[in-house]
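Before any comments, here is the structure.
Note that ligands are numbered from 1 as they come in the structure, with each ligand's atoms numbered from 1 the same way.
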Amino acid sequence: MPLFDRMAVIGLGLIGGSLARAARESGLVGQVLAADRSEDELARGTELGVIDGYGPIEEVVSGADLVVVAVPVRATHEVLEQIRPFLAPGVVLTDVGSTKGSFVAALHEVLGGWSPRVIPGHPIAGSEKNGVSAARADLFADHKVILTPPEDVDADALARLTSLWQGCGATVLTMSVARHDEVLAATSHLPHLIAFSLVDTLAGEDQNMEIFRYAAGGFRDFTRIAASDPVMWHDIFLSNREAVLRVIDHFNDDLAQLRDAIDTQDGDSLLRVFSRARAARNHFSKMLSGQAYVTDMSQKPVRFRLQPGGSVTGDIRVPGDKSISHRSIMLGALADGITEVEGFLEGEDSLATLQAFRDMGVTIEGPENGHVRIHGVGMTGLQAPRGPLYLGNSGTAMRLFTGLLAAQPFDSELTGDASLSRRPMGRVADPLRAMGAVIDTGEGGTPPLRIRGGQKLSGIHYDMPVASAQVKSCLLLAGLYADGMTSVHEPAPTRDHTERMLEGFGYHVHRNAATASVNGGGRLTAGAIDVPADISSAAFFLVAASIAEGSDLTLRHVGMNPTRTGVINILKLMGADIEVSSQREIGGEPVADLRVRSAPLRGIDIPEDQVPLAIDEFPVLFVAATCAEGRTVLHGAEELRVKESDRIQVMADGLRAVGVETTVTPDGIVIDGGQTIGGGVVDSHGDHRIAMAFAVASLRATGEIQVNDCANVATSFPGFVELARQTGIRIDAQEEQ
Ligand code: NAP
């Protein structure tokens, strides 16, 4: 059943023709007839199969149940006058004009009002070409169409018109006429005006021939836009006059500020604007689609193919630690002076945080090849963001920011992607309220969080009911601004990267057994941070070199934070040969070089106090246990079941796929060492650590191992495949078919 029996298109040009073509070809309308002042266009349209036929305007309109006005905006008034006497009683009337206020004004003038079956529309699709010959059925596919219905719109008319556009492949949005004209003034009309003006200015320069001859890509883009239909744009600017003037004035002010910055050699302001603008495209597309910062929707599934055997040698440095990269941005932004970061890992937390600080006026250059330069604004230098701060999927960023923003003089709002928006934030909001913060949450304590600025915070002592590094860090950050002392007691040890980095930035953190405290009112001093290599990434190579005979590998600059070194302690207990040298401190964090040589490993009962210190490293430790002599028993690791995958079960399944039997227990696993690792196909369940663990297992395998679903490895450990291959693991990454 077609949505409309007969569609009348008035004005058979690019847009009217494309809609006619798309609607006809997909059977959405019974018949399409057109009227146009140009007989030639109509004849061509019929010849090209765009329409079923044409005729005088009164004939075309009188039998139609849908009338689409697709003429230039300036002709709308005249066309409405022509069609008015012939509109059938139940007809749905719409248009495609680029401005909507002018169409509604014409409705009032000509039809005496705006009736419920008149639904103005605007497809955000087009081309620099005009006329029916340029019409394409796929012009609207994957584009947006904005409808601006009246408040008393006829629901059935709106539903059918929406289905028509959706059937042409478009996504339909509805908004008010005023909002449409504002939004389009900023996103479409102003850029066209700038293009027309710039190209015209340069074309008038003396050396215009030279300018056009050497025109680079950027300028070519301007000339492409400036090649749009002058008459159409003349109409648009005159009909959307007020909204366009507002946005021109705003732009003029910003342009004047840039001019001043150049004039006064204010490089900081230039950098701030340019780096924020550079990041805008990525940021806004993430925000609009509610995505995390590091998930790449276009990511293709990847499979590892691993040939058996080999040894591991060389001198390498694995990528930087995620938590330290993240905190380097936060503290660098709040410090006095410039913080240079090397070895920065572009993880979800750090990218979300980086953008949020840019939104609060901090200039951040990079990241580029692991280098980030942060122009700190000092503890009180943050500016109110223009809108909500979007934190993607980063729960860490949201919890830490809540603490920081609770103490700022301005209001702020924190939002995130769909999954972050379901996570409860009460754990941080409640103790912050006890400090004097004013925070509104969504239902059940979930984001968005609205934080009222200008509150005076007082230090508290907080006994955390559940050990959490995020809650601790959040309260310490708020404590930097609070009156008196803020102290946090943890029931079990958690990672202490925040405390260490605060010390690294010269802010004293008093630490006494399980309590960390700060006094408010201090300052942070910028410096250089060479982010330690992530021990969780180094762990794969520690095990690889231990189990593969003839291996001798040096890992440089590895983070040796005692809350993270469980993997080294456990491997040493198993008999691994790991030599620690050049111990030093970077930004408050201990680092060292590690030399690992192959050694016969033996099975052990893993001490329970080491479990939290090695929680992320167990997948690869299971591989070490398989290659050891004797039995390895793990207990007290329930948390492993709720990581990116149920890591105990997924590892046990993977090991079985390559011929290794294990016994899974509710809180751990028992692995009898000395079993032969065969070939086989392993499903990593998208868990990067499982995938890398089996890459390591291949060193002791007797047949080829394939690991499926490995695309996530690239986000947690960029360059893993190349580094593994360079050291001697026989790995290939292929796109899955
Ligand atoms: P187009 O290709 O020039 O088509 C407009 C057609 O309407 C032409 O055939 C024109 O005939 C005819 N026409 C003009 N005045 C008329 C009148 N008084 N009575 C009957 N027919 C008349 O233009 P278009 O690009 O399709 O644009 C149509 C509408 O779509 C405009 O309102 C525009 O704002 C909107 N729009 C355009 C784009 C885009 O990228 N092009 C995108 C979105 C929306 P003549 O050739 O004889 O003038």
Side-chain angles (χ1 to χ4, degrees), residues 8-23 33-46 48 50-51 54-61 67-84 86 93-107 110 120-141 143-148 165 168 170 172-173 177 180-181 183-185 187-189 191-192 195-196 224-240 244:
V9 176
I10 314 303
L12 190 64
L14 170 74
I15 301 293
S18 297
L19 177 60
R21 193 163 218 163
L33 298 181
D36 193 289
R37 62 182 184 186
S38 151
E39 179 90 22
D40 284 355
E41 286 290 273
L42 292 167
R44 196 163 312 126
T46 319
L48 292 170
V50 172
I51 49 174
Y54 58 91
I57 202 160
E58 57 274 19
E59 276 177 27
V60 168
V61 170
V67 174
V68 182
V69 176
V71 296
V73 179
R74 101 196 90 94
T76 309
H77 193 280
E78 174 192 337
V79 165
L80 284 179
E81 294 214 308
Q82 287 171 15
I83 63 176
R84 183 173 52 108
F86 308 105
L93 175 63
T94 187
D95 80 321
V96 295
S98 305
T99 60
K100 301 276 53 102
S102 59
F103 182 71
V104 173
L107 287 176
V110 179
H122 177 201
I124 313 294
S127 140
E128 281 73 40
K129 299 191 191 118
N130 304 98
V132 70
S133 321
R136 285 175 16 219
D138 65 352
L139 188 70
F140 310 111
H143 283 78
K144 297 198 169 57
V145 171
I146 300 174
L147 298 180
T148 59
W165 280 114
C168 300
V172 176
L173 312 173
V177 167
H180 169 277
D181 287 357
V183 168
L184 268 289
T187 56
S188 166
H189 307 169
H192 275 85
F196 284 127
R224 179 181 61 75
I225 300 170
S228 303
D229 182 1
V231 179
M232 179 175 102
W233 282 98
H234 143 277
D235 287 4
I236 289 174
F237 287 113
L238 296 184
S239 28
N240 197 19
V244 168

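- A distance of 13.0 Å separates NE2 in His143 from SG in Cys168, rounded to the nearest 0.5 Å.
- For ligand 1, the atoms closer than 4.0 angstrom to any heavy atom of Leu12 are 9 (O).
- Between Phe103 atom CZ and Ser98 atom OG the span is 13.0 Å, to the nearest 0.5 Å.
- At a 4.0 Å heavy-atom cut-off, ligand 1 does not touch Val132 at all.
- For Arg37, a nitrogen or oxygen atom sits less than 3.5 Å from a nitrogen or oxygen atom of ligand 1, counting backbone and side chain alike.
- Residue, atom and distance of the protein heavy atom nearest to atom 41 (N) of ligand 1 are Leu14 CD2, 3.6 Å.
- Closest protein heavy atom to atom 29 (C) of ligand 1: Val71 O, 3.6 Å.
- With respect to atom 17 (C) of ligand 1, the closest heavy atom belonging to the protein is Val79 CG2, 3.9 Å.
- Distance screen at 4.0 Å: atom 46 (O) of ligand 1 has no protein heavy-atom neighbour inside the cut-off.
- Comment: Lys100 engages Asp95 in a salt bridge, judged by a side-chain N to carboxylate O separation of less than 4.0 angstrom.
- Considering all non-hydrogen atoms of both residues, Gly126 and Leu139 come closest at O-CD1, 3.9 Å.
- What sits closest to atom 3 (O) of ligand 1 on the protein, heavy atoms only, is Asn130 ND2, 3.8 Å.
- Counting only non-hydrogen atoms, the option in Pro123, Ala34, Ser133 that gets closest to atom 43 (C) of ligand 1 is Pro123.
- Not a single heavy atom of Lys129 sits less than 4.0 Å from an atom of ligand 1.
- A salt bridge does not link Arg84 to Glu81: none of the charged side-chain nitrogens sits closer than 4.0 Å to a carboxylate oxygen.
- If you check which protein heavy atom lies closest to atom 7 (O) of ligand 1, you get Gly11 CA, 3.5 Å.
- Once rounded to the nearest 0.5 Å, the distance linking CZ of Arg74 with OG of Ser239 reads 10.0 Å.
- Nearest protein heavy-atom neighbour of atom 36 (N) of ligand 1: Ser98 OG, 3.5 Å.
- From Asp181, atom CG reaches atom NE2 of His189 across 7.5 Å, with rounding to the nearest 0.5 Å.
- Heavy atoms of Glu78 found under 4.0 angstrom from ligand 1 belong exclusively to the side chain.
- For Ala134, no heavy-atom contact with ligand 1 is shorter than 4.0 Å.
- Remark: ligand 1 and Gly126 share no N or O pair separated by less than 3.5 Å (distance only, no angle test).
- The shortest heavy-atom contact between Phe140 and Pro123 is CE2-CB, 3.7 Å.
- Taken from OG1 in Thr46 to CD in Glu41, the straight-line distance is 11.0 Å, to the nearest 0.5 Å.
- Residues His180 and Thr99 come closest through the heavy atom pair CE1-CA, 4.2 Å.
- Interface of Ser127 with ligand 1, defined as ligand atoms under 4.0 Å from a residue heavy atom, comprises 40 (O), 41 (N).
- The only member of Leu42, Ile57, Val132 that meets side chain to side chain contact (heavy atoms under 4.5 Å, CB included) when paired with Asp36 is Leu42.
- Using a 4.0 Å heavy-atom cutoff, Ile10 is absent from the residues neighbouring ligand 1.
- The atoms of ligand 1 that sit less than 4.0 Å from any heavy atom of Val73 are 32 (O), 34 (O).
- Ligand 1 has a nitrogen or oxygen under 3.5 angstrom from a nitrogen or oxygen of Asp36.
- Heavy-atom proximity to Gly131, at under 4.0 Å, picks out these atoms of ligand 1: 2 (O).
- A donor-acceptor pair is defined here as one N or O able to donate and one able to accept, closer than 3.5 Å; such a pair exists between the side chain of Arg21 and the backbone of Leu48.
- In plain terms, the two heavy atoms of Val60 and Ala34 that are nearest each other are CG2-O, 3.5 Å.
- For the atom pair CD1 (Ile146) and CG (Leu173), the distance works out to 6.0 Å, reported to the nearest 0.5 Å.
- With hydrogens left out, the protein atom closest to atom 35 (C) of ligand 1 is Val96 O, 3.3 Å, a heavy atom.
- Contact annotation for Ala75 and ligand 1: only side-chain heavy atoms (C-beta onward) come within less than 4.0 Å of the ligand.
- Between Leu12 and Gly45 the shortest heavy-atom distance is CD2-CA, 4.0 Å.
- For atom 27 (O) of ligand 1, the nearest protein heavy atom (residue, atom name, distance) is Ile15 CG1, 4.1 Å.
- Distances below 4.0 Å separate heavy atoms of Gly97 from the following atoms of ligand 1: 32 (O).
- Assignment of Ala125 to the shell around ligand 1 is supported, since a heavy atom sits closer than 4.0 Å.
- Heavy-atom contacts of Gly13 reach the following atoms of ligand 1: 1 (P), 2 (O), 4 (O), 6 (C), 26 (O) (cutoff under 4.0 Å).
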